[in-house]
Engineer: 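This is the structure I want to talk about, given as structure tokens.
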Amino acid sequence: MPIQLDRRSFLAGTAGLIALHPFSVQAATNQVHLRLMETTDLHVHVFPYDYYADKPRDTVGLARTASIVKDIRAEATNSLLLDNGDFLQGNPMGDYIAYEKGLKEGDTHPVIAAMNTVGFDASTLGNHEFNYGLEFLGKALAGAQFPVVCANIAKETGATPRDDKTLLKPYVIMERTVTDGAGNQHMIKVGLIGFVPPQVMNWDRRHLEGNVQARDILECARAYVPEMKEKGADIIIALSHSGIGEANETEGMENASVPLAAVEGIDAIMTGHSHLVFPSSKYADFAGVDADTGTIHGKPATMGGYWGSHMGLIDLMLERDGNGWRVVGHASEARPISKRNEDRSTTALVESAAPVLAAAQADHDATLAYVRRAVGKTDAPLHSYFALVADDPSVQIVSIAQTWYIQQMLKGTEHEGLPILSAAAPFKAGGRGGPEYYTDVPKGSVAIKNVADLYLYPNTVRAVRVTGQQVKGWLERSAGAFNQIEAGKDDQLLLNEDFRSYNFDVIDGVTYEIDLSQPSMFGPKGELVNADANRIVNLMFNGAPLDMDAEFIIATNNYRASGGGKFPGALGDTIVFEGPDTNRDVIVRYIVEKGTISPRADANWRFAPLPGTSVLFDTGPKAAAYADSVPGVSIAPAGDGPDGFARFKISL
């Protein structure tokens, strides 16, 4: 009977008090305890620092995660340290290197320098590795002192995945000397194979189209895993930069880790992409997943949070079986670097590793200077605390800048003269980022760090040409952010926790109401669930009902225009303009030209009235200072929300 250790039965030692994992204690002759450590979705967070807020942050940073590596290694007789992708982009340091400093031949990217210092054994690519283009990616990876693998991105495709000319090695088989329970040394061959969501071909089309192609994750796994076995891999670990999603396999899945775990020959699976933690109760009801034991289809799995917040751990008890090895026991956990206290504060559980900080110190200092540059002024505060419940100044300024830019870009084209709308969403709106994860720019000078705070991603501007019907469908998709509300009932939870804030597009240039008493037309991932639903009401353009057959231009970004989020009218086939400029750069240029901006929401959307009805929503505690100034909405404090959030009440 295989050994399976419940993750709750073992409390790991802390600094100064190291306890051997039970597998290391129990291992006998020809039995080996191998610990697999995972970071994922680092997004250039080397320092425990929030560049947007320009202050330290105890909940993030590879330097913090690295400081527990020594102790975690000490708990196990044998170990490997792996990264699961999305390390190259995601905060201002990444943008500073890509857009300001650049990478010359022979330069080492600061996050790569930090990873080299920590001593990673291998990594895979995440989707954000492609954000700055293939040339930049190649220069960055050249500095890595560890292999980086990816099986499903090919420069040239063949008849089968095994015939492809892949961008990177699809897998690596590492030979490692391990020590068994009796102190004897053995050679073991560990196979590591990496995967990235094939949706990168849409999300970064401008960099990838014509240069590489993406294959289905499961197709590649079924092709390469047998080959890895043929080449002598004793155990195979999947580095899946793909979330834990549906159990049923579909072609081109973005979150394919559940069916991937079922592929014969894979012994353990590292997951990521979702910025969540596994094992955790979040996955309690997922088919094929056991959130208590940390398994997917019976195989050990982990997801180590994001930005260095956790170290994902998989412990394997391996037993020599003839000339090979087999897994006879396993355990999984995700170990945090901080904890949240009852008073909403956070406490760091570890200190930063000084050598890791030193590896990126010069670029950290340069990034601070980069983000502190003033580019203009604002005569009103910019914040996103209420961006999901009312028209919002932080979203409004993005929309205004996009419209300003597209008006210039379409002059002299066949599209000049069409009405221009603008779609923008709040990126920092709490959620997975926590109660401090909001835009909050005070009145006064606006620096580059503030613009990065308004617009997190290095997206580039796009324009699509759509019909009025598609405008309505786009807004129906956004309206999936909300739960269906029963009229006449008090204190119902408003926000659908499975809906991501970056998919809540507000379209400027039209006015509309959202009828919360109606079901949503779309599910959180853009799937059509109620074709006849009608949440968007009183949709008007220039004071008249929107003509469903009329044509409009919508200013947006490359992610959305290319199909990101599955919005009607934005599936990659309506693009009429592809800008060379990032949305951030456009915002900076707009502020520079205007000198002083007046970012006041114009209340172009609201919830349709539902007499005798109230809803509750959670936002950051600092929202209280702005609650009285939200246009068109009556908002009142309603106590504490979970996990450090504050709760507010809206009477509809």
Engineer: Atom CE of Met174 and atom CZ of Phe146: how far apart are they, to the nearest 0.5 Å?
Structural biologist: 12.0 Å

Engineer: Just by distance, no angles: are the side chains of Arg57 and Thr59 close enough, under 3.5 Å, to form a donor-acceptor pair?
Structural biologist: yes

Engineer: Test side chain to side chain contact (heavy atoms under 4.5 Å, CB included) on Ser274 and Met303; report intermediate values, then the result.
Structural biologist: CA-CA 9 Å; Ser274 299; Met303 186 188 299; 4.2 Å; yes

Engineer: Spell out, as yes or no, whether a donor-acceptor pair under 3.5 Å connects the side chain of Thr65 to the backbone of Gly61.
Structural biologist: yes

Engineer: Walk me through whether Glu129 and His241 qualify under side-chain hydrogen bond (donor to acceptor under 3.5 Å, both in side chains).
Structural biologist: CA-CA 11 Å; Glu129 263 65 78; His241 189 84; 6.0 Å; no

Engineer: Here's a test for you: under side chain to side chain contact (heavy atoms under 4.5 Å, CB included), which of Leu125, Leu239, Leu137 qualifies with Val148?
Structural biologist: Leu125

Engineer: Test salt bridge (Lys or Arg N to Asp or Glu O under 4.0 Å) on Glu436 and Arg340 and set out the steps.
Structural biologist: CA-CA 12 Å; Glu436 294 85 26; Arg340 185 166 295 281; 3.4 Å; yes

Engineer: If you measure from CG on Leu167 to CG on Leu134, what distance do you get to the nearest 0.5 Å?
Structural biologist: 6.0 Å

Engineer: Between Lys101 and Asp107, is there a side-chain N and carboxylate O pair less than 4.0 Å apart?
Structural biologist: no

Engineer: When you measure from the side chain of Ser257 to the backbone of Gly243, do you find a donor-acceptor pair of N or O atoms at a distance under 3.5 Å?
Structural biologist: yes

Engineer: Go through it in stages, so that I can follow the logic: the residues are His207 and Phe136, the test is ring pair (Phe, Tyr, Trp, His ring centres under 6.0 Å), and I'd like the CA-CA distance, side-chain angles, deciding distance and then a yes or no.
Structural biologist: CA-CA 11 Å; His207 293 309; Phe136 184 87; 9.9 Å; no

Engineer: Go through the steps to decide whether Ile397 and Leu454 satisfy the test side chain to side chain contact (heavy atoms under 4.5 Å, CB included), and finish with yes or no.
Structural biologist: CA-CA 9 Å; Ile397 193 63; Leu454 288 166; 4.0 Å; yes

Engineer: Let me confirm one number: the CG-NZ distance from Asn91 to Lys449, rounded to the nearest 0.5 Å.
Structural biologist: 14.0 Å

Engineer: Please check if the side chain of Tyr306 supplies one atom and the backbone of Val60 the other of a donor-acceptor pair under 3.5 Å.
Structural biologist: no

Engineer: side-chain hydrogen bond (donor to acceptor under 3.5 Å, both in side chains) for Lys231 and Tyr171? Distances and angles first, verdict last.
Structural biologist: CA-CA 11 Å; Lys231 292 188 176 181; Tyr171 61 84; 3.1 Å; yes

Engineer: Report the residue from Thr157, Asp164, Asn152 that forms a side-chain hydrogen bond (donor to acceptor under 3.5 Å, both in side chains) with Arg215.
Structural biologist: Asp164

Engineer: Closest approach of Arg35 and Glu75, non-hydrogen atoms and distance?
Structural biologist: NH1-OE1, 2.6 Å

Engineer: Is a side-chain N or O of Lys377 found less than 3.5 angstrom from the main chain of Ser445, in a donor-acceptor match?
Structural biologist: no

Engineer: Quick check: does any side chain N or O of Ser384 sit under 3.5 Å from a backbone N or O of Pro426, one acting as donor and the other as acceptor?
Structural biologist: no

Engineer: If you round to the nearest 0.5 Å, how far is CG of Asn459 from CZ of Phe427?
Structural biologist: 6.0 Å

Engineer: Any donor and acceptor pair, going by atom type alone, linking the side chain of Asp58 with main-chain N or O of Thr347 inside 3.5 Å?
Structural biologist: no

Engineer: Test side chain to side chain contact (heavy atoms under 4.5 Å, CB included) on Tyr455 and Asn557 and set out the steps.
Structural biologist: CA-CA 11 Å; Tyr455 207 103; Asn557 60 66; 3.0 Å; yes

Engineer: Tell me if the NZ atom of Lys566 is crowded by more than 12 foreign heavy atoms within 6.0 Å.
Structural biologist: no

Engineer: Can a side-chain donor-acceptor contact be found between Ser352 and Arg64 if the only test is distance below 3.5 angstrom?
Structural biologist: yes

Engineer: For a salt bridge (Lys or Arg N to Asp or Glu O under 4.0 Å) check, start with the C-alpha distance between Glu230 and Lys189, then their side-chain angles and the critical distance, and finish with the verdict.
Structural biologist: CA-CA 12 Å; Glu230 292 166 11; Lys189 293 183 177 180; over 6 Å; no

Engineer: By salt bridge (charged side-chain N to carboxylate O under 4.0 Å, His left out), which residues pair with Glu593, not counting sequence neighbours?
Structural biologist: none

Engineer: Between Asp41 and Asn84, does any side-chain donor sit less than 3.5 Å from a side-chain acceptor?
Structural biologist: no

Engineer: Looking only at non-hydrogen atoms, find the nearest pair between Val586 and Trp404 and report the distance.
Structural biologist: O-CZ3, 3.8 Å

Engineer: Report the distance from atom CG of Asn450 to atom CD1 of Ile587, rounding to the nearest 0.5 Å.
Structural biologist: 11.5 Å

Engineer: Kindly give the heavy-atom pair with the smallest separation between Ile72 and Met37, and that separation in Å.
Structural biologist: CG2-SD, 3.3 Å

Engineer: Could you check whether Glu38 and His310, counting side-chain N and O atoms only, form a donor-acceptor pair closer than 3.5 Å?
Structural biologist: no

Engineer: Can you confirm whether or not the ring centre of Tyr51 sits under 6.0 Å from the ring centre of His364?
Structural biologist: yes

Engineer: Keeping Tyr457 on the side-chain end and Asn583 on the backbone end, is there a donor-acceptor pair under 3.5 Å?
Structural biologist: no

Engineer: Measuring from Ile236:CD1 to Leu192:CG, what's the distance to the nearest 0.5 Å?
Structural biologist: 9.5 Å

Engineer: State, to 0.1 Å, how close Thr40 and Gly304 come at their nearest heavy-atom pair, and which atoms those are.
Structural biologist: CG2-N, 3.7 Å

Engineer: Can you give me the closest heavy-atom contact between Met253 and Leu218, atom names plus distance?
Structural biologist: SD-CD1, 4.3 Å

Engineer: Under a plain distance cut-off of 3.5 Å, with no hydrogens placed, do Arg462 and Thr460 share a side-chain donor-acceptor pair?
Structural biologist: yes

Engineer: Give a yes or no on whether the backbone of Gly143 and the side-chain of Asn116 come within a donor-acceptor separation of less than 3.5 Å.
Structural biologist: yes

Engineer: Do the side chain of Ser399 and the main chain of Ala423 share a donor and acceptor less than 3.5 angstrom apart?
Structural biologist: no

Engineer: Search all heavy atoms of Gly194 against all heavy atoms of Val149 and return the closest pair with its distance.
Structural biologist: N-CG2, 3.6 Å

Engineer: Counting C-beta onward and ignoring hydrogens, is there a side-chain heavy-atom pair between His383 and Val441 closer than 4.5 Å?
Structural biologist: no

Engineer: Apply salt bridge (Lys or Arg N to Asp or Glu O under 4.0 Å) to the pair Arg373 and Glu100, showing each step before the final yes or no.
Structural biologist: CA-CA 13 Å; Arg373 295 180 196 163; Glu100 182 88 357; 2.7 Å; yes

Engineer: Would you say the side-chain atoms of Ser422 and Gln402 include a donor-acceptor pair closer than 3.5 Å?
Structural biologist: yes

Engineer: For a salt bridge (Lys or Arg N to Asp or Glu O under 4.0 Å) check, start with the C-alpha distance between Glu333 and Arg335, then their side-chain angles and the critical distance, and finish with the verdict.
Structural biologist: CA-CA 6 Å; Glu333 67 170 305; Arg335 197 172 298 183; 3.1 Å; yes

Engineer: Main chain of Ala154, side chain of Thr166: is a donor-acceptor contact present, judged purely on distance under 3.5 Å?
Structural biologist: no

Engineer: Can you list, pair by pair, the side-chain donor-acceptor contacts under 3.5 Å of residues 42-49, counting residues two or more places apart and other chains?
Structural biologist:
residue	atom	partner	partner atom	Å
His43	ND1	Gln89	O	2.6
His43	NE2	Asp86	OD2	3.4
His43	NE2	His275	NE2	3.2
His45	ND1	Leu42	O	3.0
His45	ND1	His43	O	3.0
Tyr49	OH	Asp54	O	3.1
Tyr49	OH	Asp54	OD1	2.5
Tyr49	OH	Lys55	N	3.4

Engineer: Under the criterion side chain to side chain contact (heavy atoms under 4.5 Å, CB included), which of Thr302, Val69, Ile337 is the partner of Met311?
Structural biologist: Val69

